[in-house]
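Working notes, structure below.
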2 protein chains.
Amino acid sequence: MRLTRAGEYGIRCVLDLARHGKGILVSRKEIAVRTDVPPHFLAKIAQQLARAGIIEILQGASGGYRLLSDPSEITLLAVIEAVIGEISLNDCVGRPESCDNSALCTVHRVWNKANRQLRETLQEADFATLAAEDACCLTPFPKTDGRNPPSGKK
Amino acid sequence: MRLTRAGEYGIRCVLDLARHGKGILVSRKEIAVRTDVPPHFLAKIAQQLARAGIIEILQGASGGYRLLSDPSEITLLAVIEAVIGEISLNDCVGRPESCDNSALCTVHRVWNKANRQLRETLQEADFATLAAEDACCLTPFPKTDGRNPPSGKK
DNA sequence: GATATATAAGATATATTTTGTCTTATATCG
DNA sequence: CGATATAAGACAAAATATATCTTATATATC
C-alpha cells in the first residue's frame, strides 16, 4: 500500500518541469540527472504523462519535455494516476464485481470513503504550490548555490 | 498502492471471528473454508494477529483462534497494520531520512496528510459495526439459509 | 502414556509486479 | 546527410507477494 517508484518518479519529473514553467522545454537527460531517475525509465513514464495530456514530448535533436498547462492547474492526483492508473486502495474499490455484495458491504464502504478522501487530498495539491518551496526526493535544483549538497546517495 | 491479499485475508479472518463473538473458539480450517483463504497462509496471518494481541491461538486437538477483545474495540486499522505493518503511502512518510528535506518538503506534507487521514478512517471502523451487516469478500456465513449462494468463483 | 488432531514455525517454491536496460526505429536540427 | 534526442517495445533483473510443504509441538481423548 505504497506509491510505486514509477509514481514517485512521475512526480519528480513534473515537479522539475513545473519549476521551469509551462511550455519550457527541458531535455530528458537533464531531468533524469537532476531528479535521479534512470533515463530510460523516465522515458516510459514521460510517455504516460504525455498520453494523459500533462506534458508534450518533442523528438529530434534538442528535443525534450514540456508542460502543457500551468503548474497551478496540474494536481498531484493527475500525475500519479497518469503513471500508475486510478488509485484504488482495495481491489473491491476498483472492481466491485470482485465482491459478492459490494453495495451493502460495510468493509467496502470504509474503503470507498478512504479512497475518496485520498484522491481528494491528492487533488488539492497543485504543482505551482508544490514547486514553490523546497521539495525533497530531488537532487538540488539549478538555484543551488553551494549550500544543500547532494547529500548522501552516491 | 493497494491492500495486499494478506491484509485482506486478515480482515476476513477477524470478521469471521467477530461474528462469532469475543472469546469464541473457531478452528483455522473452518475459518479458512468460510473465508476462502489458503489454510497455511491463514496460519501465518493469524500468527501476526496473535502477536499484535488481537487474537489468541490455541494449539492441540480442538484448537483454533479466538478474539481477545470485543469486536467493537477492534479497528480495521489495527488488523491491517498487524498484518502488513504500519501504513505509509510513500516511502518518505515512513522513513523521513529517505528525503533530503522532509520537514520542509511540500510533497512530503501532502503525503503526511493523506496518510493520516487514511489511518484515521480505518481506525474509525470497528468490527462490531463491520460484522453487523453483510460483508462481501466472504463466502456465506452460517446464517445462510439458501439464498446468497457461493456465487461464482470455483 | 499412546494416538489422533490441530496449530507453530520456518524453509521452500511459485507467481506477479516492479524496476531497469537494451535495441531498433523515428524525428529534428544544423 | 550526420549528429543527437526521443519512441517503442522487447527483454532482463530484482523485489515482493502468494502459496505450499515439512517437521515440530501442543492438547484432547481414550
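Not measured: the values here are computed from a predicted model.
Between chain B and DNA chain C, the heavy-atom contact criterion of under 4.0 Å yields a 5' to 3' nucleotide range of C:dT5 to C:dA11.
Residues of residues 21-28 of chain A having a heavy atom closer than 4.0 Å to DNA chain D, listed by number: A:Ser27, A:Arg28. Using a 4.0 Å cut-off on heavy atoms, the residues of residues 53-63 of chain A that approach DNA chain C are A:Gln59, A:Gly60, A:Ala61, A:Ser62, listed by number. Against DNA chain D, the stretch residues 75-85 of chain B makes no heavy-atom approach under 4.0 Å.
Not a single donor-acceptor pair under 3.5 Å links the side chain of B:Asp70 to the backbone N or O of B:Glu73. Between the side chain of A:Thr4 and the backbone N or O of A:Gly7 there is at least one donor-acceptor pair closer than 3.5 Å.
Stem analysis of DNA chain D (at least three stacked-register Watson-Crick or G-U pairs, each with both distances under 3.5 Å) gives C:1-30 with D:1-30.
For the side-chain contact (heavy atoms from CB on, under 4.5 Å) test, residues two or more places apart in sequence or in another chain that qualify with A:Arg66 are A:Leu25, A:Glu56, A:Leu58. The side-chain contact (heavy atoms from CB on, under 4.5 Å) check on A:Glu81 picks up A:Leu77, A:Glu86, A:Ile87, A:Arg119, with sequence neighbours excluded. Applying the ring pair (Phe, Tyr, Trp, His ring centres under 6.0 Å) test to A:Phe127 and every residue at least two apart in sequence or in another chain returns nothing. By the side-chain contact (heavy atoms from CB on, under 4.5 Å) test, B:Ala61 pairs with no residue at all, sequence neighbours left out. With sequence neighbours excluded, the residues that form a side-chain contact (heavy atoms from CB on, under 4.5 Å) with B:Lys113 are A:Thr121, A:Glu124, B:Arg116, B:Gln117.
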Do any N or O atoms of the protein come closer than 3.5 Å to N or O atoms of nucleotides 9-11 of chain D, and which pairs are they?
residue: D:dA10; atom: N6; partner: A:Lys44; partner atom: NZ; Å: 3.3

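Tested against B:Arg109 for a side chain to side chain contact (heavy atoms under 4.5 Å, CB included), the candidates B:Asn112, B:Thr106, B:Val107 yield a single pass: B:Thr106.
Judged as a ring-ring contact (aromatic ring centres under 6.0 Å, His included), the pairs with a partner in residues 22-50 of chain A (not counting sequence neighbours) are, in order, A:Tyr9-A:Phe41.
Closest non-hydrogen pair, A:Leu89 versus A:Asn115, comes out as N-OD1, 2.8 Å.
Of the inter-residue distances, the one linking B:Lys29 atom NZ with B:Leu42 atom CG reads 13.0 Å to the nearest 0.5 angstrom.
No contact: A:Ala46 has no heavy atom under 4.0 Å from any strand.
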